[in-house]
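For reference, the structure discussed in these notes is given below.
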Amino acid sequence: MKMSTLNEAYLEHPLTLGDIIPIDFSSSLSLPDSHTWSQPIDDDVFSLKSPVSSPMPIIDMMDPNAKKLIALACENWGGFHLKNHGIPLAVIQGAEDELQRLFSLPIQQKMKALRSPAGATGYGIPRISPFFPKFMWHEGFTIIGSPSHDAKKLWPNDYQQFSDKMEKYQKEMNTLAEVLTETVLDVLEIPEEKRKWMGTSDVSTILQLNFYPSCPEPNRAMGLAPHTDSSIFTIVNVKESGLQLMKEGKWIPVQPPPDTLLVHAGDFLHMMSNGRFCSPLHRVVSTVSKKRFSIAYFYSPPTDYVVSPSLTGDLDVARFRDVTVMEYIGIKADNFGKSLSVIST
């Protein structure tokens with residue numbers, strides 16, 4: 001996606017520096033009030049030992065029934081664990097190594113790539129922070145297009161290694177996201193003229209690097225506050241997960257099996273499916289024992305693409321009005337969790 005295009009969406013919704021700059025987590029021996037959430041985080045977590053609970057589905061990309069299984073998982077969970085996804089281990093490991101190298105830098109050096117108040121890329125805390133009364137126990141680094149733009153600020157003479165490995169990761173993720181998107185568009189019977197954007201350079205993609213430091217009081221801190229993603233699909237590479245999905249009114253812990261990627265739907269797929277596929281509310285909790293990392297790849301249509309519901313089967317009445325990707329980014333920047341209700345018919 002053209003970086004300037006996405007920046008235009010954020011220019012109209014600038015943040016203050018206080019909503020961007022992380023604290024120095026390495027020197028935080030106790031939980032500051034600014035990061036202390038009132039309700040204990042584990043009070044509303046569903047026990048996986050309960051007989052009515054069930055794990056998120058694991059889907060083999062090579063399974064002849066993968067299309068049917070992906071549709072079912074998106075209906076019931078809004079996501080699934082994907083194995084045999086075809087991403088080379090060396091590409092994944094390379095991105096993970098650079099991710100950890102970045103977040104191990106001193107905070108003074110990371111601040112050189114601080115995201116601007118109206119910007120979309122670089123170092124900082126989550127853009128959703130202004131919608132919550134407390135800050136999150138999290139550092140992030142956002143990449144749109146070439147990783148070199150902000151990497152040069154961190155390593156003026158040694159950014160190429162980071163950029164090369166992240167670009168390889170982006171390329172592999174884009175290929176996988178296209179396959180997954182084609183699969184669900186087939187299920188939804190989306191016509192070919194509504195798919196011409198796929199494979200073009202204007203597709204909207206974001207690579208989000210996440211760091212969740214170890215926390216002195218994890219049951220009073222939040223790694224990433226509850227939200228839905230705007231994407232069609234978000235593909236997450238994570239080993240030690242604090243991720244939880246909201247299902248039937250309870251938070252369900254999600255622990256990815258080895259050698260899998262976590263895939264979940266976003267608001268655009270929810271709209272395209274006319275509500276058939278879930279866009280799961282999710283959050284990340286903190287832990288006292290260890291620091292954790294993840295890499296999330298967000299895949300969406302171009303910003304001028306008109307997202308419209310597919311009226312198939314019993315869902316023959318549109319639940320949402322047509323909206324461009326750019327317009328919805330603006331709606332979500334203003335309304336956050338109420339965004340889907342804003343465009344409901």
### Task
Check the surroundings of atom NZ in K153: do more than 12 heavy atoms from other residues, nucleotides or ligands lie under 6.0 Å from it?
yes

### Check: I190 main-chain N/O paired with R195 side-chain donor or acceptor under 3.5 Å
yes

### Query
Hey, any chance V254 and L72 share a hydrophobic cluster, counting ILVMFWY side chains that come within less than 4.5 Å of each other, even indirectly?
no

### Task
Verify side-chain contact (heavy atoms from CB on, under 4.5 Å) between I235 and L262, making sure each step is shown before the conclusion.
CA-CA 6 Å; I235 305 174; L262 174 64; over 6 Å; no

### Query
Less than 4.5 Å apart, any side-chain heavy atom of H282 and any of H227?
yes

### Message
With salt bridge (charged side-chain N to carboxylate O under 4.0 Å, His left out) as the criterion, how do R101 and E96 come out once you've worked through the C-alpha distance, each side chain's angles and the decisive distance to 0.1 Å?
### Response
CA-CA 9 Å; R101 183 164 76 104; E96 290 175 351; over 6 Å; no

### Query
Are a donor atom and an acceptor atom from the side chains of Y328 and D267 found within less than 3.5 Å of each other?
yes

### Spacing of CD belonging to E178 relative to OG1 belonging to T183, to within rounding of 0.5 Å
11.5 Å

### Query
So which heavy atom on S230 is nearest to which on K332, and how close?
OG-CD, 3.1 Å

### Query
Shortest non-hydrogen contact from I295 to A95?
CD1-CB, 3.8 Å

### Query
Do the side chains of S104 and F211 get nearer than 4.5 Å, heavy atoms only?
no

### Query
Is it true that K134 and D33 make a salt bridge, defined as a side-chain N closer than 4.0 Å to a carboxylate O?
yes

### Query
In terms of side-chain heavy atoms, does Y297 have a donor or acceptor partner in Q170 at a distance below 3.5 Å?
no

### Task
On the 0 to 90° scale, with breaks at 30° and 60°, tag the H35-F25 ring pair as parallel, tilted or perpendicular.
perpendicular

#### Entry: Under 3.5 Å donor-acceptor, S204 side chain and P301 backbone
yes

### Message
If you count heavy atoms of other groups shown closer than 6.0 angstrom to NZ of K338, is the number above 12?
### Response
no

### Message
Apply side chain to side chain donor-acceptor pair (under 3.5 Å) to residues K239 and S294 and explain how you reach the verdict.
### Response
CA-CA 8 Å; K239 298 295 187 290; S294 71; over 6 Å; no

### Task
Assign the ring pair F131 / F336 to parallel, tilted or perpendicular, where the plane angle (0 to 90°) is split at 30° and 60°.
parallel

#### Entry: Qualifying residue for side chain to side chain contact (heavy atoms under 4.5 Å, CB included) with D60, from N84, L82, T260
N84

### Task
Examine the side chains of S344 and S341 and answer whether a donor and an acceptor come within less than 3.5 Å of each other.
no

### Query
For the rings on Y212 and F293, is their centre-to-centre separation under 6.0 Å?
no

### Message
Testing the basics here: between A71 and F277, what is the closest heavy-atom pair and its distance to 0.1 Å?
### Response
O-CE2, 3.5 Å

### Message
I'd like to know if L261 and L269 are part of one continuous hydrophobic network [Ile/Leu/Val/Met/Phe/Trp/Tyr, side-chain heavy atoms within less than 4.5 Å].
### Response
yes

### Task
Look at the side-chain heavy atoms of Ile, Leu, Val, Met, Phe, Trp and Tyr, link any pair under 4.5 Å apart, and say whether F298 and I125 land in one connected group.
no

### Query
Pick from V285, L281, L245: which one makes a side chain to side chain contact (heavy atoms under 4.5 Å, CB included) with W251?
L281

### Task
Report the C-alpha distance between I70 and C74 in whole Å, list the side-chain angles of each, state the deciding distance to 0.1 Å, and finish with yes or no for side-chain contact (heavy atoms from CB on, under 4.5 Å).
CA-CA 6 Å; I70 288 173; C74 288; 4.2 Å; yes

### Query
Is the count of non-hydrogen atoms from other residues, nucleotides or ligands lying under 6.0 Å from D259 atom CG greater than 12?
no

### Query
T234 and D229: side-chain donor and acceptor closer than 3.5 Å?
yes

### Task
Ignoring hydrogens and angles, state whether a donor on the side chain of N274 or S310 is under 3.5 Å from an acceptor on the partner side chain.
no

### Task
Give a yes or no on whether a salt bridge exists between K194 and E189, defined as a side-chain N under 4.0 angstrom from a carboxylate O.
no

